[in-house]
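Order of appearance sets the numbers: ligands from 1, and atoms from 1 within every ligand.
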Amino acid sequence: MIMSERGDGAAERVLAALRRRGAHLVGSGDPVGPVPVLWWDNGDFPGSSRITASFRENERRLLLDTGTRSIDLSKITAVWRSRPSGPRADAVGDAGQRAHAELQAEVMLDGVWSLLDARWLPGRRADELRAHNKVFHLAKAIELGFDVPDTTYTNDPAELVPAYERSGGRLVAKQIAAERFQVDGAPHRAYTTVVTRRHLTSRHRLRHEPVILQPYVDKAVELRVIVVGERVFAAEIDASDSPAAREDWRHYDNDRVRYGPHELPAGVARRCARLVAETGLTYAALDLIVTPGGEYVFLELNSNGAWGFVELWAGLPVSDAIAGWLMDGGTHDV
Ligand SMILES: Nc1ncnc2c1ncn2[C@@H]1O[C@H](COP(=O)(O)OP(=O)(O)O)[C@@H](O)[C@H]1O
Ligand SMILES: [Mg+2]
């Protein structure tokens with residue numbers, strides 16, 4: 001089962017790889033083979049799909065009716081949570097009542113998914129949420145012996161100047177959760193910011209929102225490492241020619257930024273795979289910096305982080321690895 005909203009480009013790529021491996025998409029014109037794949041989005045529930053979990057006389061049924069077909073959910077062997085939307089009850093007019101219906105649907109889905117005897121990529125939702133938390137996974141990375149910058153998570157203004165001094169005046173501030181947000185109704189995204197003396201003067205504002213403080217790590221290149229089960233793919237991002245992307249490559253200044261495959265030292269690759277497994281996941285995207293001295297510094301783990309550019313721009317076969325992982329556990333007719 002691919003659990004994702006329609007139009008998800010990553011899901012299209014994995015579906016193509018599944019088809020190359022003999023799978024067919026349920027409800028499409030694909031010739032029917034031994035490996036049925038269902039593409040479904042949580043946003044279809046409760047609006048356009050019906051789900052029934054019933055427990056009667058020691059018999060358990062988990063049924064999904066998409067409107068065009070009925071599927072026995074207990075037969076699902078693998079689930080890939082790519083980019084599912086939340087449950088949607090668009091037909092309920094009142095906003096408060098709609099939110100209530102969607103909450104009921106979400107709790108029901110969580111329960112139903114918990115009963116599936118399936119392999120999950122990147123993991124079950126609860127594991128994914130915990131692993132994604134930077135405070136949690138940084139501690140795990142340190143336990144596994146990764147090189148990690150001195151890091152402070154805080155909303156205490158008194159922490160800022162000492163951290164700045166310890167860093168020799170080269171400190172960055174980052175968000176604890178890299179979500180997009182709105183300021184005065186306009187969309188906003190906070191990038192990694194080099195802390196200046198002006199920030200030090202207005203440090204009282206830190207009280208209102210915790211941040212991450214780290215010394216600035218010099219870069220030879222940045223890495224995005226994709227772990228799929230035991231497999232590890234590393235792409236390097238060389239942003240040194242881009243004034244915008246040098247401090248944070250997500251400025252996507254693609255005319256000046258170079259992407260390519262990167263050969264990880266075996267020990268670092270093993271540690272990346274171990275970190276993903278130890279945080280309870282089967283997939284993750286890790287951000288690392290390779291310093292001019294050749295050290296591999298761990299920044300963070302994204303439990304459902306993007307791999308599209310690792311495949312498209314660095315040429316690494318991630319969609320095929322995901323398809324292979326999903327099919328490894330065997331299949332059933334649904
Ligand atoms: N300590 C640091 N030194 C230098 N650059 C950094 C540092 N931390 C983050 N960056 C830059 O900012 C980007 C985003 O930071 P990251 O830790 O991956 O958090 P997130 O992606 O959640 O915002 C990194 O990929 C890197 O380009
Ligand atoms: Mg990142």
Side-chain angles (χ1 to χ4, degrees), residues 122 128-142 146-154 159-160 163-181 187-196 199 209-227 233-254 256-260 262 264 272 275-276 279 281 283-310 313-314:
E128 194 185 323
L129 282 177
R130 187 184 62 155
H132 195 68
N133 190 295
K134 294 184 194 228
V135 185
F136 173 78
H137 65 235
L138 191 85
K140 285 272 178 213
I142 292 168
F146 269 104
D147 245 328
V148 168
D150 288 342
T151 303
T152 309
Y153 300 89
T154 190
E159 292 282 343
L160 186 61
Y164 182 81
E165 280 167 358
R166 282 195 305 273
S167 73
R170 298 184 74 220
L171 189 70
V172 296
K174 315 192 268 193
Q175 302 260 289
I176 292 193
E179 310 302 329
R180 287 158 202 264
F181 57 104
H188 209 77
R189 177 169 192 180
Y191 290 95
T192 299
T193 306
V194 175
V195 175
T196 61
H199 292 121
E209 182 183 319
V211 295
I212 310 176
L213 302 173
Q214 281 181 340
Y216 187 88
V217 178
D218 284 320
K219 301 161 190 178
V221 290
E222 300 209 47
L223 300 183
R224 171 142 283 205
V225 177
I226 303 293
V227 177
F233 302 93
E236 61 178 49
I237 304 147
D238 181 355
S240 50
D241 290 336
S242 163
R246 198 177 298 142
E247 267 139 34
D248 185 333
W249 57 263
R250 293 162 310 167
H251 288 279
Y252 292 110
D253 183 10
N254 279 358
R256 294 193 193 80
V257 176
R258 187 185 60 74
Y259 301 86
H262 181 90
L264 283 176
C272 290
L275 178 63
V276 173
T279 51
L281 299 177
Y283 168 96
L286 279 52
D287 290 331
L288 279 79
I289 288 175
V290 186
T291 67
E295 286 140 327
Y296 287 75
V297 179
F298 173 87
L299 290 181
E300 62 148 357
L301 174 153
N302 300 281
S303 54
N304 206 357
W307 50 267
F309 72 89
V310 174
W313 301 338

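Annotation: T192 places an N or O atom under 3.5 Å from an N or O atom of ligand 1; distance criterion only. Distances between N or O atoms of D287 and those of ligand 1 include at least one value under 3.5 Å. Remark: ligand 1 and P215 share an N or O pair separated by less than 3.5 Å (distance only, no angle test).
The shortest heavy-atom contact between A141 and V148 is CB-CG2, 4.4 Å. For the pair T151 and Q214, the tightest heavy-atom approach, listed with the atom from each and the gap, is OG1-NE2, 3.0 Å.
Residue V217 touches ligand 1 through backbone and side chain together, judged by heavy-atom distances below 4.0 Å.
Around the Mg ion (ligand 2), the protein contributes the following N, O or S atoms at distances under 2.8 Å: D287 OD2, E300 OE2.
Checking K219, E222, Q214 against atom 24 (C) of ligand 1, the nearest heavy atom belongs to E222. Residue nearest to atom 20 (P) of ligand 1, selected from R189, H132, Q175, K134: K134 (by heavy-atom distance).
Taking K174 as the reference, nothing meets the salt bridge (Lys or Arg N to Asp or Glu O under 4.0 Å) condition, with sequence neighbours excluded. In terms of the side chain to side chain donor-acceptor pair (under 3.5 Å) criterion, residue partners of E236 (sequence neighbours excluded) are, by chain and number, R258, H262.
Each of the atoms 3 (N), 4 (C) of ligand 1 lies under 4.0 Å from some heavy atom of Y216. Short contacts between ligand 1 and A178, defined as distances under 4.0 Å to a heavy atom of the residue, involve ligand atoms 22 (O), 23 (O). Of all the atoms in ligand 1, the ones that sit under 4.0 Å from a non-hydrogen atom of V172 are 1 (N), 2 (C).
Applying the salt bridge (charged side-chain N to carboxylate O under 4.0 Å, His left out) test to every pair with at least one member in residues 285-306, sequence neighbours left out, gives these pairs: K134-E300, R224-D287.
Taken to the nearest 0.5 Å, the CD atom of Q175 stands 12.0 Å off from the CZ atom of R180. Interatomic distance, CG of L301 versus NE2 of H132, reported as 8.5 Å (0.5 Å rounding).
No side-chain heavy atom of L288 sits less than 4.5 Å from a side-chain heavy atom of L299.
Checked options T152, L171, T154; the residue passing with L160 is L171 (criterion: side chain to side chain contact (heavy atoms under 4.5 Å, CB included)).
Relative ring orientation between F146 and F298 is described as tilted, the plane-to-plane angle lying within the 30° to 60° band.
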